[in-house]
Chemist: 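Could you have a look at this structure, given as structure tokens, before my questions?
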Amino acid sequence: MDIAGRVALLTGASGGIGGALGRRLIAAGARVAFAYGSHSEEAEQLVAEANDAGLDAVAPAGDLADPGTPARLVGETVEALGPINILISNAGYSVRQEYTDVDPRAWERTLAVNLRAPFLLAQAVLPGMVERGWGRVLFMSSVAAFTGGVVGPHYAASKAGLHGLLHHLAPRVAGHGVTVNAVAPALIEGTRMLPAAPDGGPALPIPVGRYGRPEEVADLSMAVLRNGYLTDQVLGLDGGIHPR
Ligand SMILES: NC(=O)c1ccc[n+]([C@@H]2O[C@H](COP(=O)([O-])OP(=O)(O)OC[C@H]3O[C@@H](n4cnc5c(N)ncnc54)[C@H](OP(=O)(O)O)[C@@H]3O)[C@@H](O)[C@H]2O)c1
């Protein structure tokens, strides 16, 4: 189950959770494509850190709202690093809107980035993983998929859609050494989605009493990637907000 030497495509590498996960992948010896949307500096920094550790890495750019981007990212990764063993579909778009205000544009973009792109990425990499007999696909969901959350109906629906997607895919590839799972975090600070806890702590009741940290999401994600017997699961990481 060693990650060392595996080729990983990580989307949203320029974000808070992506940065933490990228550093865990480097520490594990993976060769990573750190995909980003607009923040090139953060992604190039990860490439530099990987290179310093003696690992090949690239930072492909692309807007995942464009239906052509997933295949292009996969193609660029394969060309630079070789066949993809690990897909971490972590990029996410969230614009907070009341259900009364969500317009078709916000709906379409949210569903395109958060649900269509993860599907197109998985569709592009899974056949090769099956052929080679080893693979990992991990989607970054959210507690909003279970509770509805605070961002809006478009965001909650996009994340809940990931669960149906993984439940469809996982059994079809499970017999070929390929796992498909999701991590569903909540309220992770140190990200652009949630920059920092306000003074006095979180406004929402969280049983653990604080916001989560990107490193905690990265730790759980790495455990999922290392485990060949865990598949077709959504793992909550939410400080106890949503017991299941
Ligand atoms: N933070 C939380 O509390 C929380 C809770 C539950 C779930 N999540 C999920 O965790 C994942 C990571 O988010 P984060 O918390 O690390 O937030 P973040 O710091 O805002 O990072 C979001 C990442 O997604 C990328 N992205 C957004 N729209 C994109 C697009 N159209 N095309 C390509 N890339 C795009 C961003 O790239 P650029 O910045 O380069 O454009 C960035 O790398 C997301 O799926 C999010 O929904 C976060």
Side-chain angles (χ1 to χ4, degrees), residues 9-24 32-47 59-70 72-74 76 87-96 105-106 108-118 120-121 138-152 154-163 165 182-198 202-204 206 208 210-218 220-221 234-239 241-242:
L9 170 57
L10 168 66
T11 68
S14 51
I17 290 172
L21 203 35
R23 292 188 170 87
R24 287 289 195 282
V32 186
F34 299 106
Y36 67 95
S38 52
H39 290 86
S40 58
E41 208 172 298
E42 286 82 349
E44 292 296 350
Q45 171 65 28
L46 288 168
V47 172
D63 180 2
L64 287 166
D66 177 342
T69 298
R72 183 172 58 72
L73 291 179
V74 168
E76 287 179 22
L87 166 66
I88 306 169
S89 180
N90 161 73
Y93 173 69
S94 77
V95 54
R96 196 167 173 161
R105 202 178 137 82
E108 294 296 342
R109 187 170 176 85
T110 304
L111 271 289
V113 175
N114 293 3
L115 184 56
R116 184 178 64 196
L120 293 174
L121 287 163
L138 180 64
F139 298 117
M140 201 56 70
S141 179
S142 167
V143 75
F146 297 110
T147 65
V150 295
V151 176
H154 48 325
Y155 183 78
S158 71
K159 294 299 189 180
L162 288 174
H163 301 184
L165 174 59
V183 170
L187 299 174
I188 307 301
E189 65 180 347
T191 62
R192 271 188 292 278
M193 284 194 190
L194 186 67
L204 295 167
I206 301 173
V208 169
R210 62 169 175 82
Y211 287 148
R213 301 176 183 123
E215 292 71 24
E216 290 168 326
V217 183
L220 179 60
S221 301
V234 179
L235 303 171
L237 187 71
D238 55 23
I241 292 174
H242 182 62

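We use all heavy atoms of the structure for the numbers below, so side chains are in, but hydrogens, waters and symmetry mates are not. All ligand and atom numbering here is 1-based and tracks the order in the structure.
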Chemist: Under a 4.0 angstrom heavy-atom cut-off, which atoms of ligand 1 come close to Ile17?
Modeler: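 By the 4.0 Å cutoff, the relevant atoms are 10 (O), 15 (O), 16 (O), 48 (C).
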Chemist: For atom 39 (O) of ligand 1, find the nearest protein heavy atom and state the residue, atom name and distance (0.1 Å precision).
Modeler: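 The closest heavy atom on the protein side is His39 ND1, 2.7 Å.
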Chemist: Among Leu64, Leu194, Thr69, Asn90, whose heavy atom sits nearest atom 12 (C) of ligand 1?
Modeler: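 It is Asn90 that holds the nearest heavy atom.
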Chemist: Looking only at distances, please establish whether an N/O atom of ligand 1 is found under 3.5 Å from an N/O atom of Tyr36.
Modeler: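 No; the residue has no nitrogen or oxygen that sits under 3.5 Å from a nitrogen or oxygen of the ligand.
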Chemist: Considering the heavy atoms of Asp63, write down every atom of ligand 1 situated less than 4.0 Å from one of them.
Modeler: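 Every atom of ligand 1 under 4.0 Å from some heavy atom of Asp63: 30 (C), 31 (N), 32 (N).
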Chemist: Nearest 0.5 Å, please: how far is CG in Leu194 from CD1 in Ile188?
Modeler: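 Spacing of CD1 (Ile188) from CG (Leu194) equals 8.5 Å.
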Chemist: Looking only at atom types and distance, does a side-chain atom of His154 sit under 3.5 Å from a main-chain N or O of Val95, one as donor and one as acceptor?
Modeler: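 Yes; judged by distance alone, with no hydrogens or angles, the pair exists.
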Chemist: Short list, please: which atoms of ligand 1 are under 4.0 Å from a heavy atom of Gly62?
Modeler: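 Under 4.0 Å from Gly62, ligand 1 has these atoms: 32 (N), 33 (C).
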Chemist: From the options Ser14, Ser38, Ser142, select the one whose nearest heavy atom is closest to atom 43 (O) of ligand 1.
Modeler: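 Heavy atom nearest to atom 43 (O) of ligand 1 belongs to Ser14.
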Chemist: Within the distance-only criterion (no hydrogens, no angle test), does the side chain of Thr191 pair as donor or acceptor with the backbone N or O of Ile17 below 3.5 angstrom?
Modeler: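 The answer is no, because no donor-acceptor pair under 3.5 Å joins these two groups.
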Chemist: Which residue and atom name correspond to the protein heavy atom nearest atom 18 (P) of ligand 1, and how close is it?
Modeler: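 Heavy-atom neighbour on the protein nearest atom 18 (P) of ligand 1: Arg192 N, 3.7 Å.
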Chemist: For the 3.5 Å polar cut-off, considering only N or O atoms, please tell me whether Thr191 and ligand 1 meet it.
Modeler: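 N/O-N/O distance under 3.5 Å: yes.
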Chemist: Heavy atoms only: which of Ala43, Ala65, Ala91 lies closest to atom 26 (N) of ligand 1?
Modeler: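 Of the listed residues, Ala91 has the closest heavy atom.
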Chemist: Just go through Ile188, Val151, Val183, Ile88 and tell me whose heavy atom is the nearest to atom 3 (O) of ligand 1.
Modeler: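 Selected option, by shortest heavy-atom distance: Ile188.
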Chemist: Name the closest protein heavy atom to atom 29 (C) of ligand 1, giving the residue it belongs to and the distance to 0.1 Å.
Modeler: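 Minimum-distance protein heavy atom for atom 29 (C) of ligand 1 reads Val113 CG1, 4.0 Å.
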Chemist: Given 3.5 Å as the limit, does a donor-acceptor pair link the side chain of Arg116 with the main chain of Ala65, or not?
Modeler: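 Yes, the answer is positive, given that a donor and an acceptor are paired below the 3.5 Å cut-off.
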Chemist: Using heavy atoms and a threshold below 4.0 Å, how should the contact between Tyr155 and ligand 1 be classified: side chain, backbone, both, or neither?
Modeler: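 The part of Tyr155 near ligand 1 is the side chain, not the backbone.
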Chemist: Select one of side chain, backbone, both or neither to describe which atoms of Glu189 lie under 4.0 Å from any atom of ligand 1, heavy atoms only.
Modeler: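 No part of Glu189 is near ligand 1 at this cut-off.
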Chemist: Tell me, with the steps shown, if Ser221 and Ile88 meet side chain to side chain contact (heavy atoms under 4.5 Å, CB included).
Modeler: CA-CA 9 Å; Ser221 301; Ile88 306 169; 6.0 Å; no
Chemist: To the nearest 0.5 Å, how far apart are CZ in Phe34 and CG in Leu46?
Modeler: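 Answer for the CZ-CG pair, Phe34 versus Leu46, is 5.0 Å.
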Chemist: For ligand 1, which atoms have a heavy atom of Leu187 less than 4.0 angstrom away?
Modeler: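 Near Leu187, the atoms of ligand 1 are 3 (O), 5 (C).
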Chemist: Determine whether any heavy atom of Glu42 lies closer than 4.0 Å to an atom of ligand 1.
Modeler: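 So Glu42 does not count as touching ligand 1.
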Chemist: Starting from atom 6 (C) of ligand 1, locate the nearest protein heavy atom and write down its residue, its atom name and how far away it is, to 0.1 Å.
Modeler: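 Going by distance alone, atom 6 (C) of ligand 1 is nearest to Pro185 O, 3.2 Å.
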Chemist: Return the minimal non-hydrogen interatomic distance between Leu64 and Pro70, and the atom names on each side.
Modeler: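 That would be CD2-CG, 4.2 Å.
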Chemist: Need the ligand 1 atom indices (1-based, order shown) with element for anything under 4.0 Å from a heavy-atom of Met140.
Modeler: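 Atoms satisfying the 4.0 Å criterion: 9 (C), 10 (O), 11 (C), 45 (O).
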Chemist: Starting from atom 46 (C) of ligand 1, which protein heavy atom do you reach first, and at what distance in Å?
Modeler: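 Of every protein heavy atom, Met193 CE, 3.4 Å lies nearest to atom 46 (C) of ligand 1.
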Chemist: Give the residue and atom name of whichever protein heavy atom lies nearest to atom 23 (C) of ligand 1, and the separation in Å to one decimal.
Modeler: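 Result: Gly12 CA, 3.8 Å.
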Chemist: Arg109 heavy atoms, cut-off 4.0 Å: which ligand 1 atoms fall inside?
Modeler: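 This gives 31 (N) as the contact atoms.
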Chemist: Please step through side chain to side chain contact (heavy atoms under 4.5 Å, CB included) for the pair Gln45 and Arg23, ending with a clear verdict.
Modeler: CA-CA 10 Å; Gln45 171 65 28; Arg23 292 188 170 87; 3.8 Å; yes
Chemist: Any donor and acceptor pair, going by atom type alone, linking the side chain of Asp238 with main-chain N or O of Pro185 inside 3.5 Å?
Modeler: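 Side chain of Asp238 to backbone of Pro185, a donor-acceptor pair under 3.5 Å: no, none is there.
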Chemist: Just go through Ser141, Gly15, Gly92, Gly37 and tell me whose heavy atom is the nearest to atom 24 (O) of ligand 1.
Modeler: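 Heavy atom nearest to atom 24 (O) of ligand 1 belongs to Gly92.
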Chemist: Just verifying a value: how many Å separate Asp63 CG and Arg109 CZ, rounded to the nearest 0.5 Å?
Modeler: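 That separation rounds to 4.5 Å.
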Chemist: For Lys159 and Met140, indicate whether the former's side chain and the latter's backbone hold a donor-acceptor pair under 3.5 Å.
Modeler: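 Judged by distance alone, yes, a pair lies under 3.5 Å.
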Chemist: Keeping Arg72 on the side-chain end and Pro60 on the backbone end, is there a donor-acceptor pair under 3.5 Å?
Modeler: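 Judged by distance alone, no pair lies under 3.5 Å.
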Chemist: Please check: side-chain N/O of Thr11 versus main-chain N/O of Asn90, any donor-acceptor pairing under 3.5 Å?
Modeler: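 Yes, because the side chain of Thr11 sits within donor-acceptor range (under 3.5 Å) of the backbone of Asn90.
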